[in-house]
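Down below is the structure, laid out as structure tokens.
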Amino acid sequence: MKDLVETGSNIVLLRNEQGLTQEELAFRSNMSVSHLQDIEHGCLNMIGDTLVRIAEALGIDSQIIGIFLWPEKAISSEVRQTPRLPERQGELFQVCKNIVLLRKAEGLTQIQLARLSHMSPACLRDIEHGCANMTVKKLLSIANSFGMSLTRLDFCTMSEDELIEIVRNAKRMAGRMG
């Protein structure tokens with residue numbers, strides 16, 4: 001839940017830094033203002049592609065919305081505590097691929113991970129293939145099954161340098177770094 005509140009707060013910050021109203025960001029993200037307001041307040045039922053649309057409208061990588069304001073030391077520490085998986089391919093829903101990679105690394109079947117995540121095997125299969133309506137609540141449940149935060153689940157295929165560079169670029173764009 002902390003991830004979502006921080007993500008929502010960072011969306012508000014980025015939106016304000018860019019001089020956008022909720023109406024403008026909602027329009028650019030193809031959603032209602034009330035839905036954007038829910039997200040800015042840490043809504044659990046947000047669908048994964050919604051976060052991607054918001055990030056695109058703000059001009060940043062969706063993987064760093066939750067860690068935008070973290071100091072580089074905190075980012076480095078988080079990366080070092082996260083299991084390392086093969087480098088990402090720059091896929092839109094890399095988190096889906098990360099779930100598969102982590103599941104296999106842990107020696108779990110889809111059925112076992114589905115049980116641990118309190119969802120049906122069919123739902124997990126669809127999430128792993130990127131074809132389900134992945135709510136943040138479902139992704140959090142999967143992340144918790146691996147004993148990690150949603151943030152860690154999302155960037156476990158990124159190098160420390162790559163993640164820090166993405167955050168630096170976003171901060172520059174928001175006028176938060178020289």
Side-chain angles (χ1 to χ4, degrees), residues 1-18 39-44 46 48-108 112-113 116-118 124 127-128 130 134-178:
M1 184 68 173
K2 180 182 172 243
D3 282 345
L4 295 177
V5 171
E6 195 166 13
T7 297
S9 296
N10 288 346
I11 290 169
V12 172
L13 174 83
L14 287 163
R15 178 176 56 76
N16 288 335
E17 290 284 339
Q18 294 182 26
I39 292 166
E40 289 184 347
H41 288 96
C43 170
L44 272 176
M46 174 178 45
D49 70 333
T50 302
L51 187 58
V52 171
R53 288 194 326 264
I54 292 170
E56 286 174 353
L58 292 169
I60 65 168
D61 189 308
S62 63
Q63 290 181 295
I64 61 108
I65 287 181
I67 63 170
F68 177 72
L69 290 178
W70 289 14
E72 287 184 13
K73 277 183 142 179
I75 293 169
S76 294
S77 174
E78 191 77 9
V79 170
R80 290 181 189 132
Q81 294 175 40
T82 302
R84 293 291 80 205
L85 296 172
E87 293 295 312
R88 71 186 182 143
Q89 303 298 312
E91 310 237 355
L92 185 59
F93 290 111
Q94 182 64 41
V95 71
C96 302
K97 302 250 188 260
N98 293 355
I99 292 167
V100 174
L101 292 169
L102 281 169
R103 178 177 58 76
K104 289 180 178 181
E106 296 285 326
L108 296 171
Q112 291 168 323
L113 181 56
L116 289 171
S117 303
H118 310 289
L124 178 64
I127 289 171
E128 285 187 352
M134 297 176 293
T135 62
V136 172
K137 185 175 183 178
K138 289 176 185 173
L139 292 174
L140 274 171
S141 183
I142 294 168
N144 288 335
S145 296
F146 289 120
M148 63 176 53
S149 67
L150 182 55
T151 300
R152 282 187 182 172
L153 178 64
D154 201 22
F155 66 67
C156 61
T157 53
M158 296 175 80
S159 71
E160 182 178 341
D161 291 339
E162 179 184 13
L163 185 60
I164 288 173
E165 187 58 31
I166 291 170
V167 171
R168 283 179 182 164
N169 288 338
K171 284 181 178 181
R172 274 188 211 99
M173 192 182 81
R176 295 220 158 240
M177 185 174 184

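Quick caveat, the model's predicted, so the values are computed rather than measured.
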Could you go through Leu51 and Ile39, starting from their C-alpha distance and side-chain angles, then the distance that decides it, and tell me whether this counts as side-chain contact (heavy atoms from CB on, under 4.5 Å)? CA-CA 9 Å; Leu51 187 58; Ile39 292 166; 5.5 Å; no
Quick one, Val95 with Ile142, criterion side-chain contact (heavy atoms from CB on, under 4.5 Å). Give me CA distance, side-chain angles, the key distance, then yes/no. CA-CA 11 Å; Val95 71; Ile142 294 168; over 6 Å; no
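Residues Arg103 and Val100 form a side-chain contact, since some pair of their non-hydrogen atoms from C-beta on lies under 4.5 Å apart. Ile99 has its side chain within reach of Leu124: a pair of non-hydrogen atoms, C-beta onward, lies under 4.5 Å apart. With a 4.5 Å cut-off on side-chain heavy atoms, Glu40 and Arg15 count as touching. With contacts defined as side-chain heavy-atom distances shorter than 4.5 Å, the pair Ile60/Ile166 does not qualify. Two residues are said to be in side-chain contact when any heavy atoms from C-beta on lie closer than 4.5 Å; Arg168 and Glu165 meet this criterion. In this structure, the side chains of Ile64 and Asn10 stay at 4.5 Å or more apart for every pair of heavy atoms.
Here the closest heavy-atom approach between residue Gln18 and residue Leu58 is recorded as NE2-O, 2.8 Å. The minimum heavy-atom distance linking Glu160 with Ser76 is given by the pair OE2-OG, 2.6 Å. Taking each heavy atom of Leu153 and Asn98 in turn, the nearest pair found is O-ND2, 2.9 Å.
Under the 3.5 Å distance criterion, the side-chain polar atoms of Ser145 are left unmatched by any main-chain donor or acceptor of Leu113.
Note that the NZ atom of Lys104 and the CD atom of Glu128 stand 8.0 Å from one another [nearest 0.5 Å]. Rounded to the nearest 0.5 Å, atoms CD1 (Ile11) and CD1 (Ile54) are 4.5 Å apart. Here OG of Ser117 is found 10.0 Å from CG of Leu139. Values are rounded to the nearest 0.5 Å.
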